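Data first, discussion second: the structure below is written as structure tokens.
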Amino acid sequence: MRNFTNVNDIGPLDQALAKARYVKENPFADQALGKNKTLLMVFFNSSLRTRLSTQKAGLNLGMNVIVLDINQGAWKLETERGVIMDGDKSEHILEAIPVMGSYCDVIGVRSFARFENKQDDYNEVILNQFIQYSGRPVFSMEAATRHPLQSFADLITIEEHKKSARPKVVMTWAPHPRALPQAVPNSFAEWMNAADCEFVITHPKGYELDPGFVGGARVEYDQDKALEGADFVYAKNWAAYTDPNYGKVINTDRSWTVTTEKMALTNNAFFMHCLPVRRNMIVSDDVIESPQSLVIPEAANRVVSAQTVLKEILLSL
Ligand code: AN0
Ligand code: CP
């Protein structure tokens with residue numbers, strides 16, 4: 001595997017899960033693989049988990065790790081070609097990317113949807129420029145349309161906790177005061193559609209996701225109905241995808257917050273969320289603190305997903 005941006009890059013999921021299991025049980029077995037190899041992590045947006053877990057994954061593999069926050073200390077980057085650069089941007093991404101590539105062996109990129117232009121977001125213009133111009137393998141640390149390291153960690157977590165061969169997994173929209181990207185729900189849908197589970201998506205009317213990610217999943221507008229018999233409840237907010245509301249918050253209906261009453265409709269489901277989460281908007285205190293809450297082991301598995309991916313990339317160098 002050279003680049004990792006979506007579920008197809010990792011190969012058959014049963015094999016990917018077996019590799020992840022090995023990495024989790026033997027975190028330091030491949031220290032020689034990363035010797036004298038440098039991982040550069042480039043952040044256009046904030047992060048707690050991705051930053052720490054991916055760094056830890058690189059260190060476990062014996063790599064040197066450097067981190068660049070584009071918006072803190074680096075030059076402001078122009079990302080469009082053809083612009084007369086007489087504004088506040090000091091450098092063009094077309095120089096910055098190959099320069100960054102010259103200092104490392106593998107690059108991770110975090111670059112959220114900007115919600116300025118749907119086509120640019122859904123064409124992944126930033127991530128794809130890194131792939132095209134860095135000369136290095138590139139992996140997504142959440143790009144405009146997907147967050148594959150998160151989805152892989154989610155799948156690992158479900159695999160570790162499922163009580164039946166084909167669990168019912170329900171992804172529910174939940175309210176949030178600010179516009180959030182569709183990357184996490186798109187990606188989770190992509191991975192669940194590829195995995196062996198009964199996958200249901202529930203959200204209020206107007207929050208329909210890109211049909212390319214929804215695939216064959218059941219979409220249920222009645223949250224209570226969707227939650228019936230669920231084994232896993234995966235909560236996430238996202239802003240509208242469909243035009244003319246792309247990137248907008250169209251409601252913050254708190255009747256969609258995941259509460260103890262909502263969880264009572266399920267098959268004693270586990271609660272999942274990628275974090276960071278706003279309590280009592282997305283999920284009530286008592287649900288996130290309950291024994292059924294997997295948010296901490298789910299976040300811990302981010303080291304496992306990142307290390308499994310980085311290992312595959314190192315093996316391909
Ligand atoms: C981001 C999002 O919803 O995509 C990152 C989640 C991993 N969340 C926020 O910006 C709060
Ligand atoms: N879940 C996740 O990617 O968290 P961060 O935004 O803190 O990296």
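We're numbering straight along the sequence, starting at 1. These figures come from a predicted structure and were not determined experimentally. Each ligand, and each atom within it, is numbered from 1 in the order the structure gives.
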Of all the atoms in ligand 1, which lie at a distance below 4.0 Å from a heavy atom belonging to [X]?
X	result
Glu142	2 (C), 4 (O), 5 (C), 6 (C), 7 (C)
Leu180	3 (O), 9 (C), 10 (O), 11 (C)
Pro181	2 (C), 3 (O), 4 (O)
Lys236	2 (C), 3 (O)

Indicate, as side chain, backbone, both or neither, the part of Leu275 found under 4.0 angstrom from ligand 2 when only non-hydrogen atoms are considered.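 It is the backbone that touches ligand 2; the side chain stays farther off.
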
Taking the ring centre of each residue, are Phe199 and Phe188 less than 6.0 Å apart?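 Yes, close enough.
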
With a 6.0 Å cut-off on ring centres, are Tyr221 and His203 close enough?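 When the ring centroids of Tyr221 and His203 are compared, they turn out to be within the sub-6.0 Å range.
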
[X] and [Y] ion-paired at < 4.0 Å:
X	Y	value
Lys118	Asp243	yes
Glu91	Lys76	no
Asp69	Arg51	yes

Minimum-distance protein heavy atom relative to [atom]:
atom	value
atom 4 (O) of ligand 2	Arg49 NE, 2.8 Å
atom 6 (O) of ligand 2	Arg110 NH1, 2.8 Å
atom 2 (C) of ligand 2	Arg302 NH1, 3.3 Å

Would you say Phe112 touches ligand 1, if touching means a heavy atom closer than 4.0 Å?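 Yes; Phe112 lies near enough to ligand 1 that a heavy-atom distance drops under 4.0 Å.
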
Close approach of Ala183 to ligand 1, heavy atoms, under 4.0 angstrom: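 Ala183 does not count as a contact of ligand 1 under the 4.0 Å cut-off.
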
Is a donor from one side chain sitting under 3.5 angstrom from an acceptor on the other, for Ser102 and Arg136?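 No pair is found: no donor N or O on one side chain lies under 3.5 Å from an acceptor on the other.
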
Arg51 versus ligand 2: do any nitrogen or oxygen atoms come within less than 3.5 Å of each other?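 N/O-N/O distance below 3.5 Å does not exist for this pair.
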
Do Pro276 and ligand 2 have an N or O pair less than 3.5 Å apart?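 Min N/O separation from ligand 2 is not below 3.5 Å for Pro276.
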
Numbering as shown, the atoms of ligand 2 that approach His147 to under 4.0 Å (heavy-atom distance):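 Reading through ligand 2 atom by atom, the close ones are 2 (C), 3 (O).
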
At a 4.0 Å threshold, what atoms of ligand 2 neighbour a non-hydrogen atom of Leu48?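 Per the distance check, 5 (P), 7 (O), 8 (O).
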
Report yes or no: does Gln150 have a heavy atom closer than 4.0 Å to ligand 2?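 It does, in that a heavy atom of Gln150 comes within the 4.0 Å cut-off of ligand 2.
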
Examine the proximity of ligand 1 to Leu275 and report which part, side chain or backbone, both or neither, has a heavy atom under 4.0 Å away.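 Backbone only.
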
Decide salt bridge (charged side-chain N to carboxylate O under 4.0 Å, His left out) for Glu220 and Arg218; before the verdict, give the C-alpha distance in whole Å, the side-chain angles of both, and the deciding distance to 0.1 Å. CA-CA 6 Å; Glu220 171 60 66; Arg218 183 181 137 208; 3.3 Å; yes

Distance to the ring centre below 6.0 angstrom and angle to the axis at most 45 degrees; does that hold for Lys168 and Phe232?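 The answer is no; the distance or angle limit is not met.
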
With Tyr241, the ring pair (Phe, Tyr, Trp, His ring centres under 6.0 Å) member among Phe115, Phe213, Tyr122: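 So the option named by the test is Tyr122.
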
For atom CZ of Arg279, is the number of surrounding heavy atoms from other residues, nucleotides or ligands below 6.0 Å larger than 12?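 Yes, because the 6.0 Å sphere around CZ of Arg279 holds more than 12 heavy atoms from other groups.
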
